[in-house]
Every structure is written in C-alpha cells, then in structure tokens.
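What follows is one structure encoded as structure tokens, with my remarks underneath.
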Protein chains: 2
Amino acid sequence: MQQSQSTAEVMTLRDKEYKCGIDVTLALVGGKWKASILWHLAQDTMRFSDLQRQFADTTRKMLTQQLRELEADGLVHRKVYPQVPPKVEYSLTEQGKSIFPILEMMCDWGSSYLKAANTP
Amino acid sequence: MQQSQSTAEVMTLRDKEYKCGIDVTLALVGGKWKASILWHLAQDTMRFSDLQRQFADTTRKMLTQQLRELEADGLVHRKVYPQVPPKVEYSLTEQGKSIFPILEMMCDWGSSYLKAANTP
DNA sequence: TGGCAAAGTTCCCTGTGGGGTACTGTGTTT
DNA sequence: AAACACAGTACCCCACAGGGAACTTTGCCA
C-alpha cells in the first residue's frame with residue numbers, strides 16, 4: 001500500500017474519502033458505462049447522437065447522466081453549438097486522455113482473462 | 001472499440017454479457033473492496049485476520065464475500081490449514097498477479113488526478 | 001398546423017451491492 | 001464451566017446506481 005508518508009493523510013474527492021488512488025480511479029471510471037464512453041471518445045470526438053448509436057442498449061438519460069459526471073470530473077469536454085436542432089460534441093480533455101493506457105490494459109486483460117476462462 | 005472480428009461475438013462470464021474486455025475487468029475488480037484486496041495480497045500472502053486488520057472499516061462478512069468471489073474468479077487462492085483455531089491463508093494466483101500492473105497504474109493515476117484537482 | 005429533429009429533463013420505480021447483528025464450531029487456556 | 005480464538009454462515013435491511021417512459025424546447029419543412 002503506497003501510503004502517502006507518515007501522516008496517513010486521507011484523500012478526498014467530492015466529500016468522499018479514499019485511502020488509495022485505486023479507489024479514486026474506480027470512483028471516476030468504475031460505473032457501468034463511463035469506461036466504455038471514455039474508450040470510445042478516445043478514438044474520436046463524437047456527437048451525442050453518435051454515442052447513442054454506439055450505446056444502443058442504454059437510454060438517453062443514462063448517457064447524459066454519465067457524460068455530465070465525466071464532464072464534472074474534468075475527463076471529457078462538452079461543446080454546445082448554439083443552433084437548432086442542437087448539436088453537442090463530446091471529446092476527451094487532457095486528463096481524460098491520460099487514462100487511456102489504463103483502459104487499454106483493462107481491455108486486453110479482460111479479453112485474455114475470458115480467453116483463458118473459456119479454454120480450460 | 002476492439003470488436004472481435006466480423007462476428008461481433010459476445011463475451012460471456014457467469015451468464016452476463018460483455019461487449020469489451022474493459023467491462024469484464026471491471027466486473028472482476030470493480031467492487032468496493034476487490035481491487036484493494038488484490039493490491040494488498042500482491043505484497044504478501046495474508047491470513048484472514050491480517051486482512052481484517054488492513055480493512056478495519058469493513059466487516060468479516062464483506063471480506064469473506066469478496067474473497068470468495070475473487071476465489072471463484074480464479075484470482076486468489078485460498079489455503080485452509082486443518083487446525084484449531086482455524087487458519088486460512090490467501091494469496092494471488094498467477095491470474096491474480098497478472099492484473100497487478102493495472103492496479104499500479106490505477107493507483108498512480110488516481111493519485112495524480114487528485115493532486116491536479118487539489119492544486120488549481 | 002402539425003410533425004419531426006437533437007439533446008435533453010422530470011418523475012417514478014427496481015435490483016442489488018453493500019452492510020449490521022447475531023449465531024456457529026471446536027479445541028485451548030484460566 | 002466459562003471465556004476466547006479464528007473464520008466463518010444466516011438473516012434481514014437500506015441506499016442508491018441504474019433504468020423506463022413521458023414531457024420539453026426551438027426552429028424547419030411539408
């Protein structure tokens with residue numbers, strides 16, 4: 001446990017306490033959709049409707065909600081074009097991009113885990 | 001999205017479907033304690049009571065439950081010594097060890113995320 | 001005049017991840 | 001005989017993440 005020096009200081013984020021960076025990371029991308037959303041945005045800036053197409057099995061509400069949280073956490077950037085019908089583009093911030101290597105590893109690890117599990 | 005070839009085949013694990021390895025990884029270590037447990041076990045084989053000491057803010061029940069799931073998923077190994085009082089040691093399997101680099105990155109990333117967030 | 005488009009918001013509901021508390025079994029020490 | 005040690009299980013509970021369905025806003029097009 002990489003306890004931060006003698007003081008055992010507590011990390012806080014939005015009023016919640018975390019003992020380790022792992023928990024922080026999981027709090028930020030550990031939801032049901034967030035990691036996948038980041039993964040998709042890493043390839044490309046996307047409009048809301050693009051994301052809807054990618055995540056056909058969720059609702060507009062869920063997508064909106066997850067995206068807003070990611071925005072609040074500084075991981076994605078939301079650009080609204082003031083036109084009708086509305087156009088909103090989502091892209092990764094620098095911080096959002098910085099997590100990509102982790103997502104990549106998670107993707108690979110998960111795949112090979114399954115491969116190992118299915119070939120006993 | 002690293003869609004696995006033309007067939008868009010669905011990955012399954014314990015009757016649940018996953019579109020991407022990321023979701024599999026999160027399903028395995030995405031709970032409230034699992035990642036931390038793996039992290040601790042990576043340092044050392046530990047007895048149940050050792051883990052209880054490390055995770056003083058959870059209950060025996062929770063620990064047991066998480067450990068059993070990790071065991072069922074093949075990430076930790078559970079060794080029971082047939083003696084009284086009981087002695088049970090937990091350690092990582094090879095598969096468990098293989099996820100360590102990801103945990104390390106998550107730990108680092110989470111820490112620097114917080115650092116950035118707290119120094120605006 | 002009314003239907004549609006994009007990107008939401010509001011209200012309400014449900015499943016389940018996480019948790020509290022108490023009970024269990026069995027040898028050993030006092 | 002009673003308390004303790006360890007590693008559990010059994011039962012019950014709740015908050016909240018996730019989700020369904022309907023309503024909204026503003027302009028354009030037929």
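Reminder, nothing fancy here: chain letters follow the sequence lines and each chain counts from 1.
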* Rounded interatomic separation in angstrom, taking CZ from B/F55 and P from C/dG19 -> 12 Å
* **D/dG19 phosphate, OP1 or OP2, under 4.0 Å from A/K32 side-chain N/O** => yes
* Asked: Hey, which of these two, A/E89 or B/M62, hits DNA chain C nearer its 5' end, going by closest nucleotide?
  -> A/E89
* Between B/S49 and D/dA5, is there a side-chain N or O to OP1/OP2 distance below 4.0 Å? -> no
* Quick check: does any side chain N or O of B/T58 sit under 3.5 Å from a backbone N or O of B/F55, one acting as donor and the other as acceptor? -> no
* Which nucleotides of nucleotides 25-30 of chain C have their base under 4.0 Å from a protein heavy atom (B), which only their sugar-phosphate (S), and which neither (-), written as one string 5' to 3'? -> BBS---
* To do: Give a yes or no answer on whether the side chain of A/T59 reaches the backbone of A/M62 with a donor-acceptor pair at less than 3.5 Å.
  => yes
* d(NZ, A/K87; P, C/dG8) in whole Å -> 14 Å
* To do: Tell me yes or no: between the side chains of A/E89 and A/Y81, is some donor less than 3.5 Å from an acceptor?
  => yes
* To do: Say whether, by atom type as modelled, one donor and one acceptor occur between the side chain of B/T93 and the main chain of B/L75 under 3.5 angstrom.
  => yes
* Summarise protein proximity over nucleotides 8-15 of chain D in one line of letters, 5' to 3': B for base, S for sugar-phosphate only, - for none, counting protein heavy atoms closer than 4.0 Å. => BSBB----
* To do: Would you kindly give the CG-to-P distance between A/D57 and D/dG19, to the nearest whole Å?
  => 9 Å
* Atom NZ of B/K34 and atom C1' of C/dG18: how far apart are they, to the nearest Å? -> 12 Å
* If the plane angle is over 60° it's perpendicular, under 30° parallel, otherwise tilted; pick one for B/F48 and B/Y90. => tilted
* Is there a path from B/V80 to B/L92 through hydrophobic residues (I, L, V, M, F, W, Y) whose side chains come within less than 4.5 Å of each other? -> yes
* Asked: Any Lys/Arg nitrogen of A/R47 or A/D50 sitting under 4.0 Å from an Asp/Glu carboxylate oxygen of the other?
  -> no
* Before accepting this row, confirm whether a basic side-chain N of the pair A/D57/B/K19 lies closer than 4.0 Å to the acidic partner's carboxylate O. => yes
* Structure fact -> Rounded to whole Å, the CG-P distance (A/L63 to D/dG20) equals 12 Å
* When the distance from CG of A/L51 to P of C/dA6 is rounded to whole Å, what number comes out? -> 14 Å
* To do: Check the pair A/D23, B/S36 against side chain to side chain contact (heavy atoms under 4.5 Å, CB included), reporting the backbone distance first and the verdict last.
  => CA-CA 8 Å; A/D23 300 328; B/S36 294; 3.4 Å; yes
* Can you tell me the distance, in whole Å, between the CD atom of A/Q52 and the P atom of D/dG19? => 14 Å
* To do: Whole angstrom is fine here: how far is it from CD in A/Q65 over to C1' in C/dC12?
  => 14 Å
* **Distance below 4.0 Å between B/R47 side-chain N/O and D/dA7 OP1 or OP2** => yes
